[in-house]
Amino acid sequence: MQPYEIYALKYAGPFTSSGAFLMWMKDWEKTEERNYYFWCIKSAVAIVVVDTGVSPQLASARGLNGYVSPKEMLGRINVNADDVAHVVLTHIHWDHANGASLFPAAKIYLQESEYRFWIEDSLAARPPFRFYTDDDSLSHLASLSDTDRLVLLDGDREILPGIECLLAPGHSVGLQAVAVNTARGTAILGSDCAHVFRNFQEDWPSAFIVDLAAWMRSYDKLRGKAASPELLFPGHDRLMARDYPQVAEGVTRLV
Ligand SMILES: [Zn+2]
C-alpha cells in the first residue's frame with residue numbers, strides 16, 4: 001500500500017487566549033497562542049482533505065487574523081480545491097466545517113451521530129451549541145442530505161486504502177479522527193480531540209467538552225492506533241506550523 005504524506009495548512013492565526021482554553025481548567029494565568037488549520041493527505045494516487053477551514057465571507061465577518069483562503073492554501077501545494085474528491089469533516093464546528101462549500105466536487109465524510117446532532121437535534125440550536133457553529137455550515141450540509149456527496153459513517157471505517165476514519169467523541173458528539181498509513185507507520189490526525197500536543201502528552205482535555213468520559217476513552221483509542229506518540233497530531237497547536245519542514249508559506253509536512 002502506498003504511504004501518504006500529511007500536510008498541515010495554517011489558514012488563520014495566531015490567536016491568543018488564556019491557557020485554560022487549550023488545557024481545560026488549567027493555566028488560567030498564562031497567555032497561549034493557537035492557529036487554525038486544515039490538512040491534506042497525499043499519495044501518488046489519492047488526495048484527501050481533512051477539514052475545510054472557512055470561507056472568505058465568514059473570515060471577514062469574524063475578523064480572522066492572518067486569514068488565507070483554503071483554496072489559495074491548497075494551490076500552494078498544487079492541489080485544486082475544485083478537483084478534490086474526498087473531504088473528511090472531523091466535526092461540525094465552524095472553524096472546521098464552514099469551508100465545505102469550497103469543495104464542489106467532493107464527497108463529504110462525516111460521522112452520522114455528528115451530522116444528526118447538528119442538523120436534526122433541537123438541542124443544537126441552544127446557545128452553548130450555537131456558539132460553535134454557523135448558519136452557512138449547517139445549511140450547506142443540510143442541502144447535501146440524501147445526495148451521494150454526503151457519506152455518513154456509523155463508527156470506524158476505512159474510506160480509502162490506508163485512510164480510516166475513527167469515531168472519537170468527547171469534544172463533540174461524533175468527532176472523528178483520521179488514521180493515515182505513512183512511511184513512519186500509522187499517524188493520527190486527531191483534530192480537536194486535542195487542541196495542542198500537550199493534551200495528549202498530559203492526558204488532559206482542551207476546551208468545549210460534551211462528554212468528558214468519552215473524551216478520555218477516545219485518547220486511549222487514538223493512542224492504541226498511532227505507531228508512536230509523536231504521530232498523534234492535535235487540531236490547533238502552533239508547533240505544527242513551527243517545528244516541521246515548511247514546503248510553502250503556511251504549509252508544513254507533518255509526516
Ligand atoms: Zn477547532
Side-chain angles (χ1 to χ4, degrees), residues 11-38 51-55 57-65 67 88-101 108 110-145 152-153 167-177 190-196 198-200 202-219 222 234-237:
Y11 75 87
F15 298 85
T16 53
S17 67
S18 162
F21 186 93
L22 303 178
M23 297 294 287
W24 176 64
M25 297 294 280
K26 287 185 177 182
D27 297 345
W28 291 100
E29 70 293 352
K30 291 188 194 158
T31 299
E32 301 278 5
E33 285 187 352
R34 68 184 187 282
N35 290 327
Y36 288 11
Y37 301 94
F38 67 111
D51 289 339
T52 59
V54 309
S55 67
Q57 293 83 344
L58 189 71
S60 78
R62 295 201 177 224
L64 288 191
N65 182 38
Y67 174 77
V88 174
L89 287 185
T90 62
H91 59 306
I92 308 182
H93 289 176
W94 64 271
D95 55 317
H96 299 259
N98 175 267
S101 57
I108 307 278
L110 265 163
Q111 286 293 320
E112 178 154 16
S113 52
E114 183 76 1
Y115 186 81
R116 301 272 173 236
F117 177 78
W118 289 105
I119 305 298
E120 295 175 4
D121 191 328
S122 59
L123 202 56
R126 303 277 287 278
F129 290 108
R130 290 290 299 146
F131 177 73
Y132 301 89
T133 189
D134 68 285
D135 291 338
D136 289 345
S137 295
L138 298 181
S139 60
H140 179 67
L141 292 170
S143 77
L144 299 180
S145 168
L152 296 179
L153 310 176
L167 178 61
H171 176 70
S172 71
V173 170
L175 184 142
Q176 60 185 351
S191 185
D192 290 358
C193 195
H195 273 70
V196 291
R198 275 181 65 205
N199 298 122
F200 286 127
E202 299 180 24
D203 203 26
W204 196 265
S206 46
F208 305 147
I209 299 171
V210 297
D211 186 336
L212 181 56
W215 193 318
M216 301 312 286
R217 288 188 197 101
S218 294
Y219 275 169
L222 300 187
H236 291 270
D237 202 313

For a 4.5 angstrom cut-off between non-hydrogen side-chain atoms, does [X] reach [Y]?
X	Y	result
K30	M23	no
P234	N199	no
D27	S18	no
H91	Y132	no
L89	L141	yes
W94	D136	no
R116	L152	yes
L64	F15	yes

Quick one: [atom1] on [X] to [atom2] on [Y], what's the gap to the nearest 0.5 Å?
X	Y	atom1	atom2	result
D134	Q57	CG	CD	11.0 Å
R126	D121	CZ	CG	10.0 Å
Q111	I92	CD	CD1	11.0 Å
L123	W118	CG	CH2	9.0 Å
S139	I119	OG	CD1	8.5 Å
T133	F117	OG1	CZ	10.0 Å

List the atom of [X], the atom of [Y], and the distance in Å for their closest heavy-atom pair.
X	Y	answer
F131	P128	CB-O, 3.6 Å
A100	I108	CB-CD1, 4.3 Å
H236	D95	CE1-OD2, 3.0 Å
L222	G190	CD1-CA, 4.5 Å
N65	P14	ND2-O, 2.7 Å
E114	S172	OE1-OG, 3.0 Å

For atom CZ of R130, is the number of surrounding heavy atoms from other residues, nucleotides or ligands below 6.0 Å larger than 12? yes
Within 6.0 Å of CH2 in W204, more than 12 heavy atoms from elsewhere: no
Pair Q176-V88, side chain to side chain contact (heavy atoms under 4.5 Å, CB included): steps then yes or no: CA-CA 9 Å; Q176 60 185 351; V88 174; 3.5 Å; yes
Determine all donor-acceptor pairs shorter than 3.5 Å in which one atom belongs to a side chain in residues 205-212; sequence neighbours excluded.
residue : atom : partner : partner atom : Å
S206    : OG   : H195    : N            : 3.4
S206    : OG   : H195    : ND1          : 2.7
D211    : OD1  : A213    : N            : 3.2
D211    : OD1  : A214    : N            : 3.0

Take D192 and H93 through the test side chain to side chain donor-acceptor pair (under 3.5 Å) and record every step on the way to the result. CA-CA 10 Å; D192 290 358; H93 289 176; 4.8 Å; no
Between F38 and H96, is a side chain to side chain contact (heavy atoms under 4.5 Å, CB included) present by the stated rule, with each step listed? CA-CA 7 Å; F38 67 111; H96 299 259; over 6 Å; no
Evaluate the criterion side chain to side chain contact (heavy atoms under 4.5 Å, CB included) for residue pair M216 and D203; output intermediate values, then yes/no. CA-CA 8 Å; M216 301 312 286; D203 203 26; 3.4 Å; yes
Under the rule for side-chain contact (heavy atoms from CB on, under 4.5 Å), what residues qualify as partners of S218, not counting sequence neighbours? A168, P169, C193
Counting only N and O atoms by type, is there a donor-acceptor contact under 3.5 Å from the side chain of Y36 to the main-chain atoms of Y67? no
